[in-house]
Asker: 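Below is the structure I would like to discuss, written out as structure tokens.
Values below: every heavy atom of this structure, side chains too, minus hydrogens, waters and symmetry copies. Bear in mind the structure is a predicted one, so any value in this text is a computation, not a measurement.
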Amino acid sequence: QVQLVESGGGLVQAGGSLSLSCAASGSIFSINAIGWYRQAPGNQRELVAVIGSDGTTNYADSVKGRFTISRHSAKNTVYLQMNSLKSEDTAVYYCAAGHFMAFVTSMGPQYWGQGTQVTVSS
């Protein structure tokens with residue numbers, strides 16, 4: 001099992017920045033990627049960004065150029081820096097872990113965090 005603890009999130013004005021963190025623990029050897037999904041009310045959960053253990057990244061088109069995913073391998077922590085936030089970025093953001101291909105296919109990652117609310121006011 002892999003446990004994921006998210007931190008960050010909150011309320012920010014449009015155009016502002018926010019950072020999310022996700023700390024992984026447990027059977028880290030069983031995963032090779034950690035990423036972020038989000039779900040807005042009435043919408044399906046969507047992949048925001050993912051980073052593999054080799055540093056490979058994948059971003060949703062809607063956040064490219066505004067969001068940056070990074071990792072601190074020694075701390076088993078992944079960060080999501082969100083800049084130039086828009087009202088449409090408002091959602092619950094979920095940290096997830098698993099195999100990289102699971103993120104970019106319909107399989108979906110195996111492990112999930114509890115989610116953290118990000119609200120962007122216009």
Side-chain angles (χ1 to χ4, degrees):
Q1 292 291 320
V2 174
Q3 293 77 43
L4 302 170
V5 178
E6 300 139 332
S7 60
L11 174 64
V12 65
Q13 288 189 331
S17 298
L18 213 54
S19 181
L20 304 180
S21 299
C22 176
S25 62
S27 302
I28 304 298
F29 60 87
S30 67
I31 64 171
N32 68 1
I34 297 177
W36 292 90
Y37 285 74
R38 68 185 180 187
Q39 186 168 21
N43 290 357
Q44 288 188 333
R45 192 173 296 187
E46 62 174 353
L47 176 65
V48 176
V50 57
I51 187 165
S53 56
D54 62 354
T56 300
T57 59
N58 186 285
Y59 292 92
D61 288 342
S62 59
V63 306
K64 284 180 181 176
R66 299 188 299 122
F67 291 12
T68 302
I69 191 168
S70 61
R71 63 192 175 95
H72 191 304
S73 298
K75 295 182 178 179
N76 293 320
T77 300
V78 168
Y79 307 94
L80 184 68
Q81 177 65 39
M82 303 182 291
N83 298 328
S84 302
L85 283 162
K86 306 174 182 179
S87 57
E88 51 262 45
D89 295 318
T90 295
V92 177
Y93 284 68
Y94 297 89
C95 180
H99 284 271
F100 191 90
M101 288 307 298
F103 282 85
V104 297
T105 64
S106 60
M107 287 178 56
Q110 185 173 2
Y111 303 102
W112 293 87
Q114 294 298 309
T116 184
Q117 177 70 45
V118 171
T119 302
V120 184
S121 63
S122 57

Asker: Can you list the other members of the hydrophobic cluster that holds L47, where links are side-chain heavy atoms under 4.5 angstrom apart?
Answerer: Y37, V50, V92, Y94, F100, M101, F103, V104, W112
Asker: Can you sort out the partners of S62 under side-chain hydrogen bond (donor to acceptor under 3.5 Å, both in side chains), two or more places apart, ordered by chain and number?
Answerer: R38
Asker: For the side chain of Q114 and the backbone of E6, is there at least one donor-acceptor N/O pair under 3.5 Å apart?
Answerer: no
Asker: Which donor-acceptor pairs under 3.5 Å do side chains of residues 115-122 form with protein atoms, sequence neighbours excluded?
Answerer:
unit_1 : atom_1 : unit_2 : atom_2 : d
T116   : OG1    : G8     : O      : 3.0
Q117   : NE2    : A91    : O      : 3.4
Q117   : NE2    : T119   : OG1    : 3.3

Asker: Kindly compute the distance separating OG1 (T68) from CD (Q81), expressed to the nearest 0.5 Å.
Answerer: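 Output value for this atom pair is 7.0 Å.
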Asker: Given the rule in the salt bridge (charged side-chain N to carboxylate O under 4.0 Å, His left out) test, do D61 and K64 qualify, once you have shown the distances and angles that lead to the verdict?
Answerer: CA-CA 5 Å; D61 288 342; K64 284 180 181 176; 3.1 Å; yes
Asker: Which residues pass the salt bridge (Lys or Arg N to Asp or Glu O under 4.0 Å) test with D54, not counting sequence neighbours?
Answerer: none
Asker: Indicate the atoms forming the closest heavy-atom contact of M82 with L85, along with that distance.
Answerer: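 Nearest heavy atoms, M82 then L85: CB-CD2, 3.8 Å.
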Asker: Output all residues satisfying salt bridge (Lys or Arg N to Asp or Glu O under 4.0 Å) with E88, sequence neighbours left out; order by chain, then residue number.
Answerer: none
Asker: Step through the shown structure and confirm whether more than 12 heavy atoms of other residues, nucleotides or ligands are within 6.0 Å of CD on E46.
Answerer: yes
Asker: Which other residues belong to the hydrophobic cluster containing F29, where Ile, Leu, Val, Met, Phe, Trp and Tyr are joined when side-chain heavy atoms lie under 4.5 Å apart, directly or via other members?
Answerer: none
Asker: What about V63 and V12, same hydrophobic cluster or not, with Ile/Leu/Val/Met/Phe/Trp/Tyr joined at side-chain heavy-atom distances under 4.5 Å?
Answerer: yes
Asker: If I compare all heavy atoms of A24 with all of V2, which pair ends up nearest, and what's the gap?
Answerer: CB-CG1, 4.3 Å
Asker: Please collect all side chain to side chain donor-acceptor pair (under 3.5 Å) contacts where either partner lies in residues 8-36, sequence neighbours excluded, each pair once.
Answerer: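 Found S17-N83.
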Asker: Taking the side chain as C-beta and beyond, is there a heavy-atom pair between R66 and D89 under 4.5 Å?
Answerer: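 Heavy-atom side-chain distance check passes, below 4.5 Å.
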Asker: Mind checking side-chain contact (heavy atoms from CB on, under 4.5 Å) for Q1 and listing every partner two or more places apart, or none if nothing turns up?
Answerer: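 Partners of Q1 under the side-chain contact (heavy atoms from CB on, under 4.5 Å) test: Q3, Y111.
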Asker: Could you measure the distance from the CD1 atom of I69 to the CG atom of N58? Nearest 0.5 Å is fine.
Answerer: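 If we round to the nearest 0.5 Å, I69:CD1 and N58:CG are 9.5 Å apart.
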Asker: Between atom CD1 of I28 and atom CG of N76, what is the distance when rounded to the nearest 0.5 Å?
Answerer: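 Reported to 0.5 Å precision, the distance equals 4.5 Å.
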Asker: Identify the heavy atoms of L80 and A49 that sit nearest to each other, and give their distance.
Answerer: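 Smallest interatomic distance, heavy atoms only, reads CD1-CB, 4.2 Å.
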Asker: Let me confirm one number: the CG-CZ distance from L20 to F67, rounded to the nearest 0.5 Å.
Answerer: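 Those atoms lie 8.5 Å apart.
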Asker: Tracing side-chain links under 4.5 Å among I, L, V, M, F, W and Y, which residues wind up in one group with V5?
Answerer: none
Asker: Strictly by disulfide (SG to SG under 2.5 Å), give each pair with a member in residues 14-75 just once, sequence neighbours left out.
Answerer: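 Matches after skipping sequence neighbours: C22-C95.
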Asker: Mind checking what makes salt bridge (Lys or Arg N to Asp or Glu O under 4.0 Å) contact with R45, not counting sequence neighbours?
Answerer: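 With sequence neighbours excluded, R45 shows a salt bridge (Lys or Arg N to Asp or Glu O under 4.0 Å) to no residue whatsoever.
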Asker: Running the 4.5 Å side-chain criterion over Ile, Leu, Val, Met, Phe, Trp and Tyr, what cluster does L11 land in, apart from itself?
Answerer: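 Under the 4.5 Å side-chain rule, L11 groups with nothing.
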